[in-house]
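The structure under discussion appears below in the form of structure tokens.
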4 protein chains.
Amino acid sequence: MTTRQRATPNAARRRETSRRAILTAAFDLLQEVGYAKVSIEGIATRAGVGKQTIYRWWPSKGAVIFDAFLMLSEGSDGEAPVLPDTGDLEADLTAVLRATIEELNDPRYDQPMRALATEIAHDPELAAAYAERLDGPLKEAKRRRLRSAQQAGQLAEDLDLDVAVELIWGPVLNRWLQRTGPLTTQYVDSVVTTALNGLRPRPTDGTPTRG
Amino acid sequence: MTTRQRATPNAARRRETSRRAILTAAFDLLQEVGYAKVSIEGIATRAGVGKQTIYRWWPSKGAVIFDAFLMLSEGSDGEAPVLPDTGDLEADLTAVLRATIEELNDPRYDQPMRALATEIAHDPELAAAYAERLDGPLKEAKRRRLRSAQQAGQLAEDLDLDVAVELIWGPVLNRWLQRTGPLTTQYVDSVVTTALNGLRPRPTDGTPTRG
Amino acid sequence: MTTRQRATPNAARRRETSRRAILTAAFDLLQEVGYAKVSIEGIATRAGVGKQTIYRWWPSKGAVIFDAFLMLSEGSDGEAPVLPDTGDLEADLTAVLRATIEELNDPRYDQPMRALATEIAHDPELAAAYAERLDGPLKEAKRRRLRSAQQAGQLAEDLDLDVAVELIWGPVLNRWLQRTGPLTTQYVDSVVTTALNGLRPRPTDGTPTRG
Amino acid sequence: MTTRQRATPNAARRRETSRRAILTAAFDLLQEVGYAKVSIEGIATRAGVGKQTIYRWWPSKGAVIFDAFLMLSEGSDGEAPVLPDTGDLEADLTAVLRATIEELNDPRYDQPMRALATEIAHDPELAAAYAERLDGPLKEAKRRRLRSAQQAGQLAEDLDLDVAVELIWGPVLNRWLQRTGPLTTQYVDSVVTTALNGLRPRPTDGTPTRG
DNA sequence: TTATAATCGAGACGGTACGTCAAGTCTTCCA
DNA sequence: TGGAAGACTTGACGTACCGTCTCGATTATAA
């Protein structure tokens with residue numbers, strides 16, 4: 001079990017192979033048939049598992065999918081994620097965002113991530129779990145990189161780092177999820193630059209743009 | 001008909017009362033039971049209409065809901081929306097965003113708008129229709145306000161207005177949809193200020209912050 | 001119009017081409033798709049006619065099919081049917097029954113006639129119309145042939161001719177409709193002989209079997 | 001399960017209560033609303049059962065109705081039916097046929113039996129099942145009674161008993177199903193007498209009519 | 001010869017039922 | 001006792017027809 005369970009199934013007796021089979025099947029189906037057509041029944045069949053085994057350990061389809069993502073993210077490594085810190089904030093952010101959109105543009109991940117995102121949009125409980133377990137560490141990494149820049153005097157002293165993070169990633173994620181426009185390299189570059197410099201005209205005071 | 005139709009139902013013979021009843025029922029049910037539990041069958045029953053009448057004119061549940069929004073937005077007025085322009089850009093944006101989050105926080109609209117947003121997230125065709133018919137005019141209004149400020153020298157000359165719009169609204173919409181945090185007045189104020197000034201420190205050159 | 005109509009459609013103005021097209025389409029569909037799958041809608045489409053035109057002139061699917069048969073039977077000739085009368089009753093009956101089963105065994109007529117028969121089984125009104133308009137003349141011909149034989153002393157004097165007719169045709173029709181057994185030449189020959197002679201042993205009094 | 005099933009539903013797990021409820025509901029509805037208006041949906045609702053449970057075990061409405069009859073006939077007794085044998089064949093046959101038409105004239109059984117009969121008329125597979133499981137034992141009883149009479153010298157030695165059975169019951173069943181005339185006591189008496197004696201005049205050889 | 005009124009083709013409508021799919025619960029049997 | 005299997009009730013799916021109801025566009029009398 002990972003997220004939320006029903007009553008008190010004896011977690012100790014849980015069969016790990018079934019758990020993995022279910023989560024793998026869920027993620028695979030997500031890619032293959034799309035979110036709307038993924039069914040508990042389908043996952044169970046694909047995983048070679050009884051439906052009850054799913055219902056016993058997960059409260060909803062969204063929770064299964066969530067755990068599938070969790071398994072994936074934990075599978076890669078057990079450690080906390082870190083953003084690159086070359087000292088050049090703009091370059092670092094640009095690099096990270098370019099990697100992000102590459103993933104978002106990858107058809108293998110697009111569908112599943114949309115599924116997760118919209119599931120979160122409808123289920124507050126899931127959103128909380130997401131914030132804590134999946135997004136939490138990542139967001140912390142982002143904040144950390146910005147704090148480092150702030151301490152180096154590259155960011156405004158009174159900057160609210162949470163707002164700062166959202167100012168950079170919010171536009172990109174929103175454009176992706178709502179399909180407001182294409183996720184191109186130029187676009188994310190532009191977002192980073194504009195966010196850093198602000199919309200207002202910068203007084204020409206000799207300060208170089210990159211810093 | 002508004003969005004997409006099947007083969008060649010004779011639109012001239014279409015019964016307007018049924019159309020309105022369906023869209024109204026759809027919107028009402030969205031509020032009452034939530035998107036996932038809205039069914040075509042339920043809409044038909046509530047509207048006092050045969051299911052076929054829905055299937056005849058709309059290709060999917062999402063399309064019905066989309067048209068329900070369209071009806072609402074057209075019902076309010078037929079004219080293009082305009083953002084306030086007092087000359088004080090920051091004040092104007094703040095006012096607009098405060099109104100926006102008030103609506104997003106209103107339980108009557110929260111559910112339906114999430115439904116629309118996630119439906120768009122999964123259906124590119126619907127996303128295109130949304131971009132053109134619902135979001136289009138609004139986005140144009142936002143761009144217009146920013147252009148006015150730009151011409152007044154309040155915004156950078158080389159600013160990409162599309163990026164600018166997303167930089168302001170993206171964070172807010174993303175926080176709303178992903179439930180990343182509460183939509184408070186302070187938050188949107190902070191977003192506007194930070195977006196205008198940028199993340200970097202502003203050199204103190206005597207230029208007043210507001211202007 | 002032929003059978004029963006609703007209120008007072010002006011029969012004089014009725015379009016004969018449509019009537020024929022409907023009845024022909026009905027009969028053809030009966031052969032092609034079977035009774036259960038014949039629909040008013042299908043008939044109308046096939047006949048190139050509006051549904052209302054059918055509903056205006058016929059009260060039910062069964063009535064349409066009935067009229068289709070009526071058209072066919074009237075199409076062949078306008079005169080009353082006559083059974084052969086060579087003087088040899090057994091030979092005549094055998095010949096007629098052999099012709100009958102040939103038709104019943106013909107797949108082109110089997111389906112439609114079953115449709116008519118079962119429709120009659122469920123609809124007393126239709127049964128009455130059938131008795132009067134389709135079966136009536138035929139039955140009269142059968143009775144006439146038997147009466148002729150009776151007058152020639154070949155049949156019992158006190159014989160109830162209605163019972164006699166049913167004794168000969170009843171077994172055959174019942175076997176056909178209920179699929180109790182195959183309709184072979186031997187079978188109908190046997191029915192005729194047995195009906196004429198009765199089940200009891202015939203005393204050998206010199207009377208020849210064929211008379 | 002009794003007649004035909006689809007793929008491989010595990011019959012061992014089948015719920016007997018549901019089966020009985022379905023068959024009972026089917027038979028009751030047949031009486032109440034008539035065959036044409038009996039729907040799978042209606043049966044399911046009345047039986048307090050999911051539609052799928054019907055579709056899982058029966059291939060068609062006709063099959064359900066057939067099984068309903070089967071349940072009834074098996075419910076009455078498990079033994080093979082026997083016709084009375086007092087030695088007086090004519091009296092015995094008359095008694096049996098009188099009982100038969102009493103049932104056929106009973107509105108409680110008329111509708112359901114017509115339903116079964118017409119369903120058989122359209123579905124060969126069902127007809128085979130009927131011949132084997134419902135009609136079979138009864139027909140055997142009829143043949144047995146006639147054979148007994150034959151051995152007693154009351155029937156012609158070379159008589160085909162199948163033809164004989166049909167000669168007696170065919171006319172009655174045909175008159176019933178096709179509504180060719182009323183099923184009265186006189187009628188069945190007349191059928192029996194005429195069938196036994198034949199249509200031809202009986203030579204007055206001293207043999208008494210009743211034997 | 002025109003009007004005028006009905007029938008006609010077409011097909012949208014409110015419905016009912018179809019036969020299918022999946023949800024979530026429950027029961028049986030196996031390891 | 002957890003799990004595989006799968007039957008169960010429920011409910012929605014999307015489709016086919018039902019029988020009713022307009023809608024112009026033909027007709028075919030009656031003015």
Side-chain angles (χ1 to χ4, degrees), chain A residues 6 9-15 17-19 37-45 47-57 59-61, chain B residues 6 8-15 17-19 21 37-45 47-57 59-61, chain C residues 6 8-15 17-19 21 37-45 47-57 59-61, chain D residues 8-15 17-19 37-45 47-57 59-61:
Chain A
R6 211 118 43 118
N10 187 342
R13 287 192 167 239
R14 183 165 190 185
R15 199 166 300 172
T17 58
S18 294
R19 186 182 153 271
K37 286 182 184 164
V38 171
S39 62
I40 299 278
E41 209 139 277
I43 295 173
T45 302
V49 137
K51 276 200 289 179
Q52 200 55 43
T53 304
I54 298 182
Y55 284 109
R56 205 182 338 260
W57 301 107
S60 69
K61 191 169 77 170
Chain B
R6 219 178 322 193
T8 22
N10 187 341
R13 292 218 186 292
R14 183 164 191 184
R15 199 168 297 174
T17 57
S18 296
R19 186 181 152 272
K37 286 184 184 163
V38 171
S39 64
I40 299 276
E41 208 139 276
I43 296 173
T45 302
V49 137
K51 274 200 290 178
Q52 202 59 46
T53 303
I54 298 183
Y55 284 110
R56 190 161 18 238
W57 301 107
S60 68
K61 190 170 78 170
Chain C
R6 207 109 54 106
T8 24
N10 187 342
R13 283 182 171 251
R14 183 167 190 182
R15 201 167 295 174
T17 57
S18 294
R19 185 182 153 272
K37 285 184 186 166
V38 172
S39 63
I40 299 276
E41 208 139 280
I43 296 173
T45 302
V49 137
K51 276 200 290 179
Q52 197 60 254
T53 303
I54 299 183
Y55 285 109
R56 187 160 21 235
W57 301 107
S60 68
K61 190 171 78 170
Chain D
T8 21
N10 187 342
R13 292 218 187 290
R14 183 166 190 183
R15 200 167 297 173
T17 57
S18 294
R19 186 182 152 271
K37 286 183 186 165
V38 172
S39 62
I40 299 276
E41 209 139 277
I43 296 173
T45 301
V49 136
K51 274 200 290 179
Q52 201 61 49
T53 302
I54 299 183
Y55 284 110
R56 187 160 22 236
W57 301 108
S60 68
K61 190 170 76 171

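Convention: sequence-line order gives letters A, B, ...; per-chain numbering from 1.
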Provide, to the nearest angstrom, the distance between the [atom1] atom belonging to [X] and the [atom2] atom belonging to [N].
X     : N      : atom1 : atom2 : result
D:I43 : E:dA17 : CD1   : P     : 12 Å
D:R14 : E:dT28 : CZ    : P     : 16 Å
B:N10 : E:dG9  : CG    : C1'   : 13 Å

Any protein N or O atoms within reach of nucleotides 28-31 of chain F? Criterion: under 3.5 Å, listing atom names and distances.
none

- Message: Please compare C:T45 and B:A47 by the position of their nearest nucleotide in DNA chain E and report the one closer to 5'.
- Response: C:T45

- Report yes or no: is the cationic atom of C:R14 (NZ for Lys, CZ for Arg) closer than 6.0 Å to the six-membered ring centre of C:W57, at no more than 45° off its axis? yes

When you check the phosphate oxygens OP1 and OP2 of [N], does a side-chain N or O of [X] lie under 4.0 Å from one of them?
X     : N     : answer
D:W57 : F:dC8 : yes
D:S18 : F:dA7 : no
C:R56 : E:dC8 : yes

- Expected output: side-chain B:K61 to main-chain B:V38 donor-acceptor under 3.5 Å: yes

- Message: According to side-chain contact (heavy atoms from CB on, under 4.5 Å), who are the partners of B:A21, at least two apart in sequence or on a separate chain?
- Response: B:A47

Polar pairs (N or O, both sides) under 3.5 Å between protein and nucleotides 10-13 of chain F?
from   : atom 1 : to    : atom 2 : distance (Å)
F:dC13 : OP1    : B:I40 : N      : 2.9
F:dC13 : OP2    : B:I40 : N      : 3.3
F:dC13 : OP2    : B:E41 : N      : 2.8

